[in-house]
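Quick notes on the structure that follows.
In listed order, ligands and their atoms are each counted from 1.
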Amino acid sequence: MAKQFDLVVIGAGPGGYIAAIRAAQLGMSVACVDAWSGADGKAAPGGTCTNVGCIPSKALLQSSEHYEQAGHHFAEHGIEVKGLGLKLDTLLGRKDTVVKQNNQGILYLFKKNKVSFFHGTAAFNAKVDAGWSIQVEGPNAEELIAKNVVVATGSTARQLADVPFDEDKILSNDGALRLGSVPKKLGVIGAGVIGLELGSVWRRLGAEVNVLEGAADFLSAVDRDVAKEALKEFTKQGLAIQTNVKVGEIKSTAKGVSVEYVDAEGKEQKLDVDRLIVSIGRVPNTASLGADTVGLKLDERGFVAVDDDCRTNLPGVWAVGDVVRGPMLAHKAEEEGVAVAERIAGQQPHVNFDTVPWVIYTSPEIAWVGKTEQQLKKDGRDYRSGSFPFMANGRARALGNTAGFVKVLADAKTDEVLGVHIVGPTASELIAEAVVIMEFRGAAEDIARICHAHPTLSEAMKEAALAVDKRALNF
Ligand code: FAD
Ligand code: NAI
């Protein structure tokens with residue numbers, strides 16, 4: 001006998017599991033199906049984010065940053081480290097434990113909220129009188145009937161044509177998070193978010209890292225001043241980044257991987273590395289869904305086609321997160337998941353895509369929200385800009401972490417904050433203030449008049465806002 005639910009969510013990544021919990025809070029009977037298995041073969045809900053994305057990458061970034069600090073920066077604090085060593089097994093084991101804690105946290109939340117969890121792959125069967133028939137294959141094989149369905153099947157790494165991932169030498173984000181030894185030479189194709197974060201991890205642990213980027217501009221979506229400062233810092237740390245290259249043939253050799261490419265000057269080059277990370281973007285997961293069986297419409301790039309409210313072309317079927325248009329970010333997926341659950345319950349929520357923050361967890365961190373200076377110029381918008389360097393911030397000097405700045409962009413007439421761009425220490429945390437101000441359509445003067453604790457890095461935000469009106473106090 002098929003099991004009947006008000007809502008079946010396919011995928012337990014941040015989009016899916018959050019949608020399931022919110023729907024259960026609103027009184028619906030909810031099932032969530034997820035295919036991911038851990039190394040032990042057991043269910044590992046949390047999707048890409050928990051298993052091979054946000055969480056493990058941040059665990060490795062933290063461990064590798066400690067190693068770098070101990071090896072290169074403790075001495076300036078008068079702390080002598082003798083016999084510094086690296087136990088990669090322990091470091092990776094800690095990361096696995098952090099992942100598992102998150103998997104188990106989600107199973108606990110499902111129990112607490114009475115969400116029925118099914119471990120397996122779900123596919124649409126047919127439209128039935130009571131809604132949609134969904135077949136689950138795998139450990140918890142079952143037919144489910146749902147009045148509403150949320151598709152939250154996420155994304156996977158895009159491979160280069162004819163260069164499949166073997167997760168040994170040619171690595172997606174998955175293999176790049178569990179290398180058995182630190183490669184002497186590591187190649188990275190694509191200087192995007194993954195390339196920079198994971199390239200930084202392995203560089204800090206001792207690899208010589210070469211990053212090949214196809215685009216002419218480094219971090220082309222990022223504010224130019226921020227990208228310039230970040231490139232300067234990464235280069236100083238030893239990440240070798242080349243832009244405007246054309247990657248050619250890639251061959252697995254007995255020793256490693258050889259990459260042929262044409263550099264920015266048009267010269268043919270070859271890069272021999274032990275391992276190669278390919279991080280050139282991601283593709284939506286729709287192959288296992290049975291989209292054709294029920295006529296679920298995909299767009300020209302293979303994403304599930306949705307309107308602004310995440311409605312698909314089928315009645316009662318919604319889609320959220322990486323499998324639909326928009327930035328591939330966990331918090332964007334979560335906001336869509338909450339909004340869809342509330343819409344199904346008859347509420348009228350709103351997701352403001354203009355205030356979705358971006359963070360790159362390198363050192364220095366990069367974070368931004370809203371428009372970049374180049375976008376404002378292109379839009380012909382009259383704006384004022386104020387910047388404040390961490391070099392002039394007392395807390396940053398005490399931390400010994402003075403690279404970077406905060407930049408606030410505001411409308412020239414109304415002073416409304418249009419964008420905030422940070423490169424520097426804890427940028428990931430500092431950006432929250434800018435998101436709040438922009439969500440309330442506040443002005444640069446609002447930030448400037450708010451009392452910020454001293455000495456904190458957040459004072460750099462206040463000073464940058466003051467600088468919009470050319471009245472920074474400490475610079
Ligand atoms: P996913 O997290 O991909 O989850 C989809 C789930 O659906 C998976 O468990 C999958 O197995 C399951 N599934 C697929 N098909 C089926 C099916 N037919 N039946 C059942 N289950 C199915 N974003 C951030 O915001 N911050 C970060 O710091 C960050 N770091 C990242 C680091 C890396 C290395 C990577 C790769 C990504 C990172 N991201 C980060 C992006 C983030 O992981 C994604 O945006 C987010 O996971 C998308 O959530 P989702 O719920 O849409 O899909
Ligand atoms: P990305 O889109 O961030 O970067 C891909 C880079 O590869 C781009 O700079 C692009 O120009 C380049 N590229 C594409 N094809 C190429 C080719 N053939 N040769 C050389 N360069 C090429 O994608 P990435 O790093 O794979 O990450 C995927 C997504 O995952 C991100 O866009 C982001 O949404 C998410 N993510 C978010 C994180 C965060 O929020 N901190 C961390 C990691 C990933």
Side-chain angles (χ1 to χ4, degrees), residues 9-19 32-37 43-58 60-61 118-124 134-138 150-158 160-161 163 172-174 176-177 188-199 201 211-221 242-248 259 261 277-291 319-324 326-334 336-337 356-362 365-367 428:
V9 180
I10 306 179
Y17 91 78
I18 289 290
C32 185
V33 189
D34 191 86
W36 209 293
S37 304
T48 302
C49 172
T50 299
N51 292 293
V52 292
C54 325
I55 301 302
S57 61
K58 266 80 252 177
L60 293 189
L61 278 156
F118 296 86
H119 184 202
T121 303
F124 284 96
I134 308 275
Q135 186 61 44
V136 180
E137 299 295 352
V150 173
V151 175
T153 48
S155 65
T156 36
R158 183 157 79 84
L160 280 164
V163 190
S172 71
N173 56 292
D174 183 3
L177 289 162
V188 179
I189 305 209
V193 198
I194 294 179
L196 293 174
E197 289 188 2
L198 296 183
V201 164
V211 187
L212 301 178
E213 165 59 44
D217 288 330
F218 176 63
L219 287 177
S220 55
Q242 294 184 60
T243 53
N244 211 3
V245 308
K246 197 164 170 7
V247 173
V259 182
Y261 67 97
I277 298 175
V278 178
S279 46
I280 56 166
R282 298 177 64 78
V283 290
N285 286 332
T286 52
S288 59
L289 258 182
V320 301
D322 280 13
V323 80
V324 305
M328 287 182 165
L329 296 173
H331 41 285
K332 176 263 193 186
E334 291 182 12
E336 287 182 332
V356 173
W358 277 84
V359 178
I360 307 179
Y361 296 81
T362 42
E365 290 186 344
I366 299 169
S428 56

Ligand 1 atoms in contact with [X] (distance to a heavy atom under 4.0 Å):
{"X": "D34", "answer": "6 (C), 7 (O), 8 (C), 9 (O), 10 (C), 12 (C), 20 (C), 21 (N)"}
{"X": "Y361", "answer": "28 (O)"}
{"X": "N173", "answer": "34 (C), 36 (C)"}

Below 3.5 Å only, please: the N or O atoms of ligand 2 paired with protein N or O atoms, distance on each line.
| residue | atom | partner | partner atom | Å |
| --- | --- | --- | --- | --- |
| ligand 2 | 3 (O) | V193 | N | 3.1 |
| ligand 2 | 9 (O) | E213 | OE1 | 2.7 |
| ligand 2 | 9 (O) | E213 | OE2 | 3.1 |
| ligand 2 | 11 (O) | E213 | OE2 | 2.5 |
| ligand 2 | 21 (N) | G214 | N | 3.0 |
| ligand 2 | 23 (O) | G281 | N | 3.3 |
| ligand 2 | 25 (O) | V193 | N | 3.3 |
| ligand 2 | 25 (O) | I194 | N | 2.9 |
| ligand 2 | 26 (O) | G281 | N | 2.8 |
| ligand 2 | 34 (O) | M328 | O | 2.6 |
| ligand 2 | 40 (O) | V359 | O | 3.4 |
| ligand 2 | 41 (N) | E197 | OE2 | 2.8 |
| ligand 2 | 41 (N) | V359 | O | 2.7 |

- Message: Taking distance alone, with N or O pairs closer than 3.5 Å, would you say G321 contacts ligand 1?
- Response: no
Side chain, backbone, both or neither: which part of [X] comes within less than 4.0 Å of ligand 1 when only heavy atoms are counted?
{"X": "S155", "answer": "backbone"}
{"X": "R282", "answer": "side chain"}
{"X": "S57", "answer": "side chain"}
{"X": "I194", "answer": "side chain"}

Can [X] be said to touch ligand 1, with heavy atoms closer than 4.0 Å?
{"X": "V52", "result": "yes"}
{"X": "V323", "result": "no"}
{"X": "G337", "result": "no"}
{"X": "E334", "result": "no"}

- Task: With sequence neighbours left out, write down each residue that passes salt bridge (Lys or Arg N to Asp or Glu O under 4.0 Å) with K246, or none if nothing qualifies.
- Result: none
- Of all residues at least two apart in sequence or in a different chain, which pass the side-chain hydrogen bond (donor to acceptor under 3.5 Å, both in side chains) check with D34? none
- Query: Of all residues at least two apart in sequence or in a different chain, which pass the side-chain hydrogen bond (donor to acceptor under 3.5 Å, both in side chains) check with E365?
  - Reply: S428
- From the options G13, P327, P14, G11, select the one whose nearest heavy atom is closest to atom 46 (C) of ligand 1. P14
- Query: What protein heavy atom is closest to atom 2 (O) of ligand 1, reported as residue, atom name and distance in Å?
  - Reply: T48 N, 3.0 Å
- Item | atom 19 (N) of ligand 1 [closest protein heavy-atom partner, distance rounded to 0.1 Å] | A122 N, 2.8 Å
